[in-house]
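As structure tokens, the structure follows; a few thoughts come after it.
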Amino acid sequence: MHWADVIAKEVAEKNDHPIIATGISPTGILHVGSLREAITGESVRSALKGMGSDVKLIYLIDSFDPLRKRYDFLPEEFEKYVGMPICSIPCPCGKHDNYAHHFIQPFLDVVDSLGVNCEIIWTHELYRDGKFAEMIDQSIKNVDKVESILREVSGRDKKFTPYNPLCEECGRFTDPILETYEFPYVEYQCKCGHHGKADVRKMEGKLPWRLEWPAKWKLFGTAVEPFGKDHAAAGGSYDTGKVIVKEIFGGEAPYPIPYEFVQLKSNGQIVQMHKSTGSAVTGLDAIGMTPPEVLNYLFLRVNPSKAIDFDYGMGILDMEDEYDRMEGLFYNGGATEVEENSVRAYEIAQHNKVPKTMPLQISCRHLVNIVQMADDFNGVLDILKRKEDLSEANDVDLVRLKRRTECVRYWLDGFAPDMVKFSLCKEMPKVDVSDEEKAFFKALSDKMRSIDWNAEAINAAIVEAAAPIGNKAAFKAMYKILINMSKGPRLGPFLESMDPEFVVRRLDEASE
């Protein structure tokens, strides 16, 4: 049984209307690894929905978190905003509502394109609307008990601040004066010199993470939550949170889904990712180069406890091939016992919207060549029609094919290794052609006029005509006159995708 089904079954037995919560703090560039939490939450939602459960997925944006430092990707002027809530800091590009909106909006666009069915909730609005007021009050009144829990569970043995007021003078979070607390006001003495009061019913301060997380569980009645493995460490924020939510807030901790991190790879080498330093591949890049259903499958094919390698080189094509193979097994059967969970991962990746019949399959690997030969999507269709029967392709098929074409082009433009890139010369390139090569081109041209236009027959004709100069020299000569390179894509399939008249005409030109 797939891991999402196992979790869904257990959750459904205990909750009639389960809430699944995911979230993120948009303090910097959100990399591809940040997608794992959203897709994990959506997979369990889909599994529960498939069981008939009245389930809801919420996506919490921690927009009231402070900017902890000026990251390298920020202009120097942002130094003055350190310590302020990111919802109150200006947008770096001037096109969004604020700093938080600047970094989260592209990510939300990605989440939406992946089909994640969730309600977006901004944490600063929860504070603004007084949703945390009761939990803040309980936290301050029970600070000694909170400190005791933290000491016993995590070994933390130092003074704990249960609430950070927001200074009305400098706009930064500061420490409270708890001794004078009387609901709803907390006094504070800010480092900037200002002495004031914060109203816990308003957006005038926030709970620290160790309290805010369990406060969210209580507020929403969260039944399930995926989160990074760092929070699941012994004595970590989940361990302290499940005690705090019960003993301080009177709630229950959610079913935990700790997940391993995503490793970014290029040419077999691991590339470090962190939103505070930027990343070679952002979430927007990931969906730009990977069809959404394939990206869903990438995260669903393995248990959350296992690390995922996102190889944005040739590994992208391998993953897309695997997805297509699982799709074929889903519709045609024949999966082995080992493959059954991967086939189920394919199904869950569709968010309960699996087509009744198998969609048109044009592999991304095949499109890598075709996209580089065509100017636009219509050109891609023209090339495909030479060998593929597209007469029964429906609108959904064409939308998927166009999306795959766009992903391949995005990958080629920014991430593909040079070994797969080429540019088909529309005119005969200005290259030196030897007499032996001219004779080869002439012989091949004669053969090409009468063969069946398929990769196998084309290869056979090349090998036969190449006898005087040898196969290696013949293939090198063909690449030279077609793409002005010494090597390129597999020649048989490459030529098969071209117009036969174009190929013969090029051979004739080269033989003169």
| task | Start with the C-alpha distance between Arg210 and Ser237, add both sets of side-chain angles, then the distance that settles side chain to side chain donor-acceptor pair (under 3.5 Å), and finish with yes or no. | result | CA-CA 6 Å; Arg210 293 263 183 172; Ser237 50; 5.5 Å; no

Nearest heavy-atom contact between Arg70 and Val82 is N-CG2, 3.6 Å

Interatomic distance, CZ@Phe64 vs CD1@Ile86, rounded to 0.5 Å, equals 10.5 Å

Practice prompt. Measure from the side-chain N and O atoms of Thr222 to the backbone N and O of Val224, and report whether any donor-acceptor pair falls under 3.5 Å.
Written response: no

Review point. Does a donor on one side chain sit under 3.5 Å from an acceptor on the other, for Ser305 and Glu260?
Key: no

Between Ser342 and Arg301: side-chain donor-acceptor atoms closer than 3.5 Å | no

For Glu77, is the CD atom crowded, meaning more than 12 foreign heavy atoms sit under 6.0 Å from it?
yes

- Task: Inspect the surroundings of CD in Gln361 and state if more than 12 heavy atoms from other residues, nucleotides or ligands are less than 6.0 Å away.
- Result: yes

Given salt bridge (charged side-chain N to carboxylate O under 4.0 Å, His left out), test Glu320 with Arg403 step by step and report yes or no. CA-CA 13 Å; Glu320 288 159 345; Arg403 179 65 180 136; over 6 Å; no

Distance col, row Ile308:CD1 vs Asn303:CG, nearest 0.5 angstrom, shows 10.0 Å

Minimal heavy-atom distance between Leu360 and Ala393, with the atoms involved, is CD2-CB, 4.2 Å

Any side-chain donor-acceptor pair under 3.5 Å between Glu187 and Tyr181?
no

Taking every heavy atom of Leu300 against every heavy atom of Ala345, the minimum-distance pair comes out as O-CB, 3.7 Å

key: Parallel, tilted or perpendicular: ring planes of Tyr346 versus Tyr331, cut at 30 and 60 degrees   = perpendicular

Around Lys421, counting heavy atoms of other residues, nucleotides and ligands shown, do more than 12 lie under 6.0 Å from its NZ? yes

Can a donor-acceptor pair be found, under 3.5 Å and without considering hydrogens, that links the side chain of Asp311 to the backbone of Gly313?
yes

**Prompt:** Do Glu168 and Tyr188 touch side chain to side chain, with heavy atoms closer than 4.5 Å?
**Reply:** yes

Correct closest heavy-atom pair for Gly171 and Pro85 would be O-CD, 3.5 Å

Task: Met358 atom CE: more than 12 heavy-atom contacts under 6.0 Å - done: yes

With a 4.5 Å cut-off on side-chain heavy atoms, are Phe160 and Leu211 touching? yes

* Just do the side chain to side chain donor-acceptor pair (under 3.5 Å) check on Thr336 and Glu340 with the steps written out, would you? => CA-CA 6 Å; Thr336 65; Glu340 286 178 356; over 6 Å; no

TODO: Decide yes or no for Trp217 and Glu252: does some side-chain heavy atom of the first lie under 4.5 Å from some side-chain heavy atom of the second?
DONE: no

What I want to find out is whether Glu42 reaches Arg45 closely enough, with some N-O distance under 4.0 Å, to be called a salt bridge.
yes

Could you check whether any side-chain heavy atom of Lys216 comes within less than 4.5 Å of a side-chain heavy atom of Thr123, counting everything from C-beta outward? yes

Charged N to carboxylate O below 4.0 Å: is that the case for Lys131 and Asp129?
no

Here the pair of heavy atoms bringing Pro165 nearest to Val186 is CG-CG1, 4.2 Å

When you compare the side chains of Ser363 and Asp324, does any donor N or O come within less than 3.5 Å of an acceptor on the partner? no

Interatomic distance, SG@Cys91 vs CD@Gln105, rounded to 0.5 Å, equals 11.0 Å

Inset, instruction - Kindly indicate, with the supporting measurements, whether the criterion ring pair (Phe, Tyr, Trp, His ring centres under 6.0 Å) is fulfilled by Phe103 and Tyr99. - result: CA-CA 7 Å; Phe103 285 107; Tyr99 182 102; 4.8 Å; yes

Open item on the list: Tell me whether Lys56 is salt-bridged to Glu119, with the criterion being a basic N under 4.0 Å from an acidic carboxylate O.
Closed with: yes

Heavy-atom closest pair (Tyr163 atom, Ala198 atom, distance to 0.1 Å) is OH-CB, 4.0 Å

Notebook entry, point to check: Does a salt bridge link Arg325 with Glu339, judged by any charged N lying under 4.0 Å from a carboxylate O?
Noted result: yes

*asked:* Using a 6.0 Å cut-off, check whether atom CD of Glu13 has over 12 heavy atoms from anything other than its own residue.
replied: yes

Separation between OG (Ser63) and CZ (Arg128), nearest 0.5 Å, reads 10.0 Å

Taking it one step at a time, do Glu225 and Ile257 satisfy side-chain contact (heavy atoms from CB on, under 4.5 Å)? CA-CA 6 Å; Glu225 183 158 0; Ile257 312 179; over 6 Å; no

* **Flag side-chain contact, heavy atom, 4.5 Å: Ile140 against Ile136** => yes

**Item:** Residue pair Leu35, Phe107: steps toward the side-chain contact (heavy atoms from CB on, under 4.5 Å) verdict
**Value:** CA-CA 8 Å; Leu35 291 170; Phe107 190 77; 3.6 Å; yes

Close side-chain approach of Val420 to Leu412, heavy-atom, < 4.5 Å:
yes

Scan side-chain atoms only and decide if His2 and Asn341 contain a donor-acceptor pair under the 3.5 Å cut-off. no

Worked verdict on Cys170 versus Cys190 for side-chain contact (heavy atoms from CB on, under 4.5 Å)
CA-CA 9 Å; Cys170 71; Cys190 185; 3.6 Å; yes

Inset, instruction - Could you tell me how the ring of Trp122 sits relative to the ring of His101: parallel (under 30°), tilted (30 to 60°) or perpendicular (over 60°)? - result: perpendicular

Taking the side chain as everything from C-beta on, heavy atoms only, tell me whether Cys192 gets closer than 4.5 Å to Cys167.
yes

Is any side-chain heavy atom of Tyr312 closer than 4.5 Å to a side-chain heavy atom of Val32? no

- request: Check the side chains of Tyr259 and Glu37 for a donor-acceptor pair under 3.5 angstrom, ignoring hydrogens and angles.
  value: yes

Give a yes or no on whether a salt bridge exists between Arg365 and Asp318, defined as a side-chain N under 4.0 angstrom from a carboxylate O. yes

Here the gap from Leu67 atom CG to Cys87 atom SG, rounded to the nearest 0.5 Å, amounts to 12.0 Å

### Task
State whether the side chain of Thr290 and the backbone N or O of Ile287 hold a donor-acceptor pair below 3.5 Å, judged by distance alone.
no

Do His124 and Asp62 have side-chain atoms, one donor and one acceptor, less than 3.5 Å apart?
no

- Side chain Thr40, main chain Arg36, donor-acceptor under 3.5 Å: yes

Output for pair (Met51 CE, Lys9 NZ), nearest 0.5 Å, gives 7.5 Å

Exercise for review: Show your reasoning for whether side-chain contact (heavy atoms from CB on, under 4.5 Å) applies to Trp411 and Val371.
Suggested key: CA-CA 11 Å; Trp411 180 69; Val371 163; over 6 Å; no

Item to check | Pair Asp137 + Lys141: basic N to acidic O under 4.0 Å | outcome: yes

Assess the side chains of Glu212 and Tyr127: does a donor N or O sit below 3.5 Å from an acceptor N or O? yes

>> salt bridge (charged side-chain N to carboxylate O under 4.0 Å, His left out) for Asp54 and Lys49? Distances and angles first, verdict last.
In response: CA-CA 7 Å; Asp54 181 20; Lys49 188 71 174 178; 5.8 Å; no

Exercise. Please state whether the rings of Tyr238 and Phe227 are parallel, tilted or perpendicular, taking 30° and 60° as the class boundaries.
Key: parallel

